[in-house]
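What follows is a set of notes on a single structure, which appears directly below.
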Amino acid sequence: MAISYCSNDSSLLASEFISLFRSVWNADLDESKVSMSLKKSINITARDQSLVLLGCMRLVGDDYLSTHVSEVIIKPEYRNSEVSENLLK
């Protein structure tokens with residue numbers, strides 16, 4: 001299966017991020033707040049050929065000196081694949 005990576009995925013929807021998040025954690029997230037958070041971060045994504053979100057790494061920073069990894073979320077069925085490693089490259 002071909003997996004594509006996007007280093008600043010501005011097309012990432014809050015609804016698909018929430019779906020990915022819930023595949024790992026049982027949490028009730030507010031879609032409007034998630035949308036706002038995604039707009040303030042750099043979102044590196046992994047998608048399959050059907051553009052289904054397989055993983056996401058969010059980077060947040062102070063717009064000057066510091067950037068850090070906020071989350072790395074990988075669908076459970078892809079955890080032992082190259083997705084995690086490639087998101088960090």
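The figures that follow rest on heavy atoms only: side chains count, while hydrogens, waters and symmetry mates do not.
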Do V72 and Y5 belong together in a cluster built from hydrophobic side chains that touch within less than 4.5 Å? yes
Shortest non-hydrogen contact from L87 toward G55: CD1-C, 4.0 Å
In sequence, state the C-alpha distance, the side-chain angles, and the governing distance for L12 and C56, and then conclude on side-chain contact (heavy atoms from CB on, under 4.5 Å). CA-CA 9 Å; L12 179 60; C56 181; 3.9 Å; yes
With rounding to the nearest 0.5 Å, note down the distance linking CG in L20 to OH in Y78. 11.5 Å
What are the two closest heavy atoms between V34 and A14, and how far apart are they? CG1-CB, 3.9 Å
How long is the straight-line distance from CG of L38 back to CD1 of I42, given to the nearest 0.5 Å? 12.5 Å
Nearest heavy-atom pair of S23 and P76: which atoms, and what distance? O-CG, 3.4 Å
Calculate, to the nearest 0.5 Å, the distance between atoms CZ and CD1 belonging to R79 and I73 respectively. 10.0 Å
S37 side chain to K33 main-chain N or O, any donor-acceptor pair under 3.5 Å? yes
For S32, enumerate each residue passing the side-chain hydrogen bond (donor to acceptor under 3.5 Å, both in side chains) test, keeping only those at least two apart in sequence or located in another chain. D30
Enter the distance from K89:NZ to E82:CD here, rounded to the nearest 0.5 Å. 9.0 Å
Verify side-chain contact (heavy atoms from CB on, under 4.5 Å) between L54 and I74, making sure each step is shown before the conclusion. CA-CA 6 Å; L54 307 177; I74 310 293; over 6 Å; no
Exercise: identify the closest heavy-atom pair between D62 and L65: OD1-N, 2.8 Å
Tightest non-hydrogen contact, residues L53 and K75, listed as O-CD, 3.6 Å
Working for side-chain contact (heavy atoms from CB on, under 4.5 Å), residues M57 and L88: CA-CA 8 Å; M57 179 170 66; L88 292 167; 3.3 Å; yes
When you compare the side chain of I18 with that of E31, does any pair of heavy atoms fall below 4.5 Å? yes
Any donor-acceptor pair under 3.5 Å linking the side chain of R22 with the backbone of A27? yes
At what distance, to the nearest 0.5 angstrom, does CD1 of I3 lie from OG1 of T45? 11.5 Å
Test of understanding: with salt bridge (Lys or Arg N to Asp or Glu O under 4.0 Å), list the residues that count as partners of R47, not counting sequence neighbours. D9, E16
Is it the case that the side chain of N43 and the backbone of S10 share a donor-acceptor pair, with hydrogens and angles ignored and the cut-off at 3.5 Å? no
Residues forming a side-chain hydrogen bond (donor to acceptor under 3.5 Å, both in side chains) with S84, sequence neighbours excluded: none
When rounded to the nearest 0.5 angstrom, what is the spacing between CG in L29 and CZ in F17? 7.5 Å
